[in-house]
Q: 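Below are the structure tokens for one structure; questions will follow.
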There are 4 protein chains.
Amino acid sequence: MGIKLSRTGDVPTQIKNSDLVKRRRKQIVDAAVQLFIEKGFHKTTTRQIAGAAGLSTGSMYEYVNSKEDILYLVCDAIHEEVEEAVSGVLASAGGRDALSRVIREYFHVCNNMSDHILLIYQETQSLPVQWRNRVLENEVRITGMFVRVLENLVSSGDLAPLDERLMELVAHNITVLGHMWTFRRWFLSRQYSIDDYVTIQTKIILGTCDGQNSA
Amino acid sequence: MGIKLSRTGDVPTQIKNSDLVKRRRKQIVDAAVQLFIEKGFHKTTTRQIAGAAGLSTGSMYEYVNSKEDILYLVCDAIHEEVEEAVSGVLASAGGRDALSRVIREYFHVCNNMSDHILLIYQETQSLPVQWRNRVLENEVRITGMFVRVLENLVSSGDLAPLDERLMELVAHNITVLGHMWTFRRWFLSRQYSIDDYVTIQTKIILGTCDGQNSA
Amino acid sequence: MGIKLSRTGDVPTQIKNSDLVKRRRKQIVDAAVQLFIEKGFHKTTTRQIAGAAGLSTGSMYEYVNSKEDILYLVCDAIHEEVEEAVSGVLASAGGRDALSRVIREYFHVCNNMSDHILLIYQETQSLPVQWRNRVLENEVRITGMFVRVLENLVSSGDLAPLDERLMELVAHNITVLGHMWTFRRWFLSRQYSIDDYVTIQTKIILGTCDGQNSA
Amino acid sequence: MGIKLSRTGDVPTQIKNSDLVKRRRKQIVDAAVQLFIEKGFHKTTTRQIAGAAGLSTGSMYEYVNSKEDILYLVCDAIHEEVEEAVSGVLASAGGRDALSRVIREYFHVCNNMSDHILLIYQETQSLPVQWRNRVLENEVRITGMFVRVLENLVSSGDLAPLDERLMELVAHNITVLGHMWTFRRWFLSRQYSIDDYVTIQTKIILGTCDGQNSA
DNA sequence: GATGAATGAGCCTTCATTCAT
DNA sequence: TATGAATGAAGGCTCATTCAT
């Protein structure tokens, strides 16, 4: 978890200087994220991306082999950001209310990265299979972080023992309930602020753990 | 709820015979659903759709004004099918275990219509705003059905009184937890059968209701 | 000149009843003229014409063989209308001021049928050669009417003898100067009313005749 | 008048090298003029234009945004050519017979550019409004050149004083009588050579000026 | 390493015309 | 006669990618 393994190394390049590659790819990804969010992957042209990234079309194609490459890079960057944000809290997570704090933090990340998360839901399908799988794995790795939080809490006694499978599912639920805010915010926000949402869902999730306890 | 209001009447046509319109559109939608699922909206061509529907391109465009029309028709048909399936159970839903039964049914619908539900998550964005909104409304109408189930249970005494807002959120959770199976099945199914999934999530959801009670 | 030879008889039909043909074709032409003026020949569809004419597409094609047929019928109808209007004045044309009266009348016809005349300038080219020629002949036949007026005036002594070729050219000038009002009205009308225009151009044309006299 | 202001700068491009733009657009316009004259705007395909211009379709669209752009470029080029030709004579126009010389020159331009002038009469309507207006303005600017010739002649005493409005109308008449040769040449040329035409019309026009004098 | 012009396959859509009913 | 659904060739335009400079 401490290892931040940038998987983007797997996207091959024409360029030798690897620092330059990193720098240019950042430009590309930053530009692309915005554009993909605004107009979607298919309605964004490579020209627009290159332009927004401050590169010529030709140049861009020396740091990237296809438009799909860019999409992968984008998805990866998004996941990395989510992961990083979450792992920040995890570091300091301990004690009774660790779970609530992690949930709160994570849901706020989801709130802030709404568009990015939606992007992944919508465009992952456009990726070549291999990369689609990579993105899906990223997705479950994030869930894995929650599993570990739960495990720690149980082992520290801060949480009553939980069935292994249940624990995993609870982690998935946390993940997806965070996402839910991103695709239903347009509706939910009529009645709930993000804080309301966090509060209630937290109760529900914790209730799950407790309730299950007594079941 | 009993009224099956086909909203597709809003998509205008060149053809006068409205029975024919219904028939041809079914051909079109049936063809398109498959193709969209296989290759995505953008990688499916109108010629492919027309061909698969057994129509000439020209003919197809007498029943539809654009490729986007087709996408809308597809989304609408999917929602209609989901709604219909769910409302089937609702009719006979009563008594203590009504909620479990509805959940089970709904989750099975999600399981069966996995690809269709994914399709909606992925392609709704490609719709013109007005129709995108229509599709989103369909989405919450389905959630509304669960709200009503909960209300009925509470009012019949089969469920302990629930805060109004909580009830709504529970309904959303049910909806989205059903969807979760569609986008995480590739992973979850390694450890859970759909029935396992139903069982555990049902417990969690019911726990929510009970647990909340005691909170 | 007295003979109103409807040249439209040359456009063949499927239908026997020739009165019906005449009636239906009138519907078609009336509809088409408006549409062609509004949107031009190419941007008007046969469907629109049929619709506006109160016929089904199929029906229309029983009175007409092609879209070009319709254009020809339209051009012909316009010319017939112009011709008729002009020949009305001719009948009563005599005496010193006959020429001014004819000019005034004709220019007012041009003013009223501005759009129609423009239509002919713009779309004649889209006609099959044979019909294009027919339309061009119509055009010169109208000019011929002015030639005859001049001849009559000369032979009645109301106009000084004019060189034959000059006379013909004057007739063409009258015709085209009438048209000029239609394509330059947008500009000319800033400074001249149609009546100003008539007055001045008449002077110029008459001056031509007189001036030429003394030359 | 000495300033040749190419208005085509208003048509935007993807290409940065503006010399190249000029060169390629010349290829495009040259090809298009021929094709439009031969078959008309609507029956010419963009592929044909690109082909005749020695470009790929894609390439052509880097220099132009639509087929209508091409039509505008064509109309503009034609007007520029006419203007240039006429302004050539104007430069050396002075003395008694200046007007005749200008008329002769202009009518010969019309004779040589017959097809081009017809093209403008026929296809201007297919232009988006804004450009249509531009073309119409070009048209009156050319007329303006004749107005100025007349003014000079009057002020130099080579022509008797003329009413301002009359002068303007005479200029329009010159312009349109030149055009007349283009749309009626098919008929007129049976009896008049272009030189005959020039001679007679010149007399008529000059007669106008003189005759009007005495009126 | 960078640039940006060139490419051309392919897409969505239109519409004049026909023909079975 | 009248209807209107069906046809399919063709058209305008886009855009990911390449490559000469």
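Residue numbers start from 1 in every chain, and the chains themselves are labelled A, B, ... in the order their sequence lines are given, proteins ahead of strands.
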Q: Is there a donor-acceptor pair closer than 3.5 Å between any side-chain N or O of Asp76(B) and the backbone N or O of Tyr72(B)?
A: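 Absent.
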Q: Mind listing the side-chain donor-acceptor pairs of residues 50-63 of chain C below 3.5 Å, one per line with the distance, residues two or more places apart or on another chain?
A:
from	atom 1	to	atom 2	distance (Å)
Ser56(C)	OG	Ser59(C)	N	3.1

Q: Answer with yes or no whether the side chains of Glu123(B) and Gln125(A) bring together a donor and an acceptor at under 3.5 Å.
A: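 Looking only at side-chain atoms, Glu123(B) and Gln125(A) do form a donor-acceptor pair, the distance falling under 3.5 Å.
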Q: How long is the line joining CD1 of Ile70(B) and C1' of dC12(E), in whole Å?
A: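 Nearest whole value for this atom pair: 10 Å.
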Q: What's the closest nucleotide to the Ser66(C) side chain, out of dG12(F), dT17(E), dA16(E)?
A: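 Comparing dG12(F), dT17(E), dA16(E) against the side chain of Ser66(C), the answer is dT17(E).
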Q: Is it true that Gln48(C) and Glu38(C) share a donor-acceptor pair across their side chains at a distance under 3.5 Å?
A: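 The answer is no; no qualifying pair exists.
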Q: Using the closest heavy atom to pick a nucleotide of DNA chain F for each, name whichever of Thr46(D) or Arg24(C) lands nearer the 5' end.
A: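 Closer to the 5' end of DNA chain F: Arg24(C).
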Q: Starting from C1' on dT18(F), measure out to NZ on Lys67(A) and report it in whole angstrom.
A: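 These atoms are roughly 17 Å apart.
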Q: Atom NE2 of His42(D) to atom P of dA10(F): distance rounded to whole Å?
A: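 Taking NE2 of His42(D) and P of dA10(F), I get 18 Å after rounding.
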Q: Answer with yes or no whether Arg47(D) presents, from its side chain, a donor or acceptor under 3.5 Å of a partner atom in the base of dG10(E).
A: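 Side chain to base: pair present.
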Q: If each of Asn17(D) and Phe41(C) is mapped to the nucleotide of DNA chain E with the nearest heavy atom, which maps nearer the 5' terminus, i.e. the 5' end?
A: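 The answer here is Asn17(D).
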Q: Take atom CG of Asp69(C) and atom P of dT18(E), then tell me their distance rounded to the nearest Å.
A: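 It is 12 Å, rounded to the nearest whole Å.
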Q: Check the distance between dA6(F)'s P and Arg25(B)'s CZ and give it to me in whole angstrom.
A: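 Rounded to whole Å, this separation is 13 Å.
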Q: Mapping Thr45(D) and Lys43(A) onto DNA chain F by nearest heavy atom, which one lands closer to the 5' end?
A: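 Per heavy-atom nearest nucleotide, the more 5' residue is Thr45(D).
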Q: Among the nucleotides dA5(F), dA6(F), dC11(E), which one has an atom lying closest to any side-chain atom of Ile15(B)?
A: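 Between dA5(F), dA6(F), dC11(E), the one nearest the side chain of Ile15(B) would be dA5(F).
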Q: Output the residues of residues 48-64 of chain D in contact with DNA chain E, where contact means a heavy atom of the residue under 4.0 Å from an atom of the strand; sort by number or write none.
A: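 Correct list: Ser56(D), Gly58(D), Ser59(D), Glu62(D), Tyr63(D).
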Q: Could you identify the nucleotide paired to dC13(F), looking across every strand shown and requiring Watson-Crick or G-U wobble geometry with both distances under 3.5 Å?
A: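 Pair assignment: dC13(F) / dG10(E).
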Q: For the side chain of Leu20(B), starting at C-beta, report the closest nucleotide among dA5(F), dC13(F), dT17(F).
A: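 Comparing dA5(F), dC13(F), dT17(F) against the side chain of Leu20(B), the answer is dA5(F).
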Q: Should Asp19(C) and Arg23(C) count as an ion pair when the cut-off is N to O under 4.0 Å?
A: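 Result for this pair is no, no salt bridge flagged.
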Q: Atom CD of Glu68(D) and atom C1' of dG12(F): how far apart are they, to the nearest Å?
A: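 For the pair Glu68(D) CD and dG12(F) C1', the rounded distance is 11 Å.
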Q: Do Arg25(D) and Thr13(D) get their side chains close enough for a donor-acceptor pair, meaning under 3.5 Å?
A: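 Per modelled atom types, Arg25(D) and Thr13(D) side chains form a pair under 3.5 Å.
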Q: Paired with dT21(F) by Watson-Crick or G-U wobble geometry, both distances under 3.5 Å: which nucleotide is it?
A: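 Because both required distances fall under 3.5 Å, dT21(F) counts as paired with dA2(E).
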Q: Between dG4(F), dG12(F), dA16(E), which nucleotide has the shortest distance from any of its atoms to the side chain of Lys16(B)?
A: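 The listed nucleotide nearest to Lys16(B)'s side chain is dG4(F).
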Q: What does Gln14(A) touch in the nucleic acid at a heavy-atom separation under 4.0 angstrom: a base, only the sugar-phosphate, or nothing?
A: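 The residue Gln14(A) makes no contact with any strand.
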Q: Checking all strands, does Thr13(A) fall into the base, sugar-phosphate, or nothing category for heavy-atom contacts under 4.0 angstrom?
A: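 Thr13(A): no heavy atom of the nucleic acid under 4.0 Å.
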Q: In Å and rounded to the nearest 0.5 Å, what is the OG to CD distance from Ser126(D) to Glu68(D)?
A: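 With rounding to 0.5 Å, OG (Ser126(D)) is 7.5 Å from CD (Glu68(D)).
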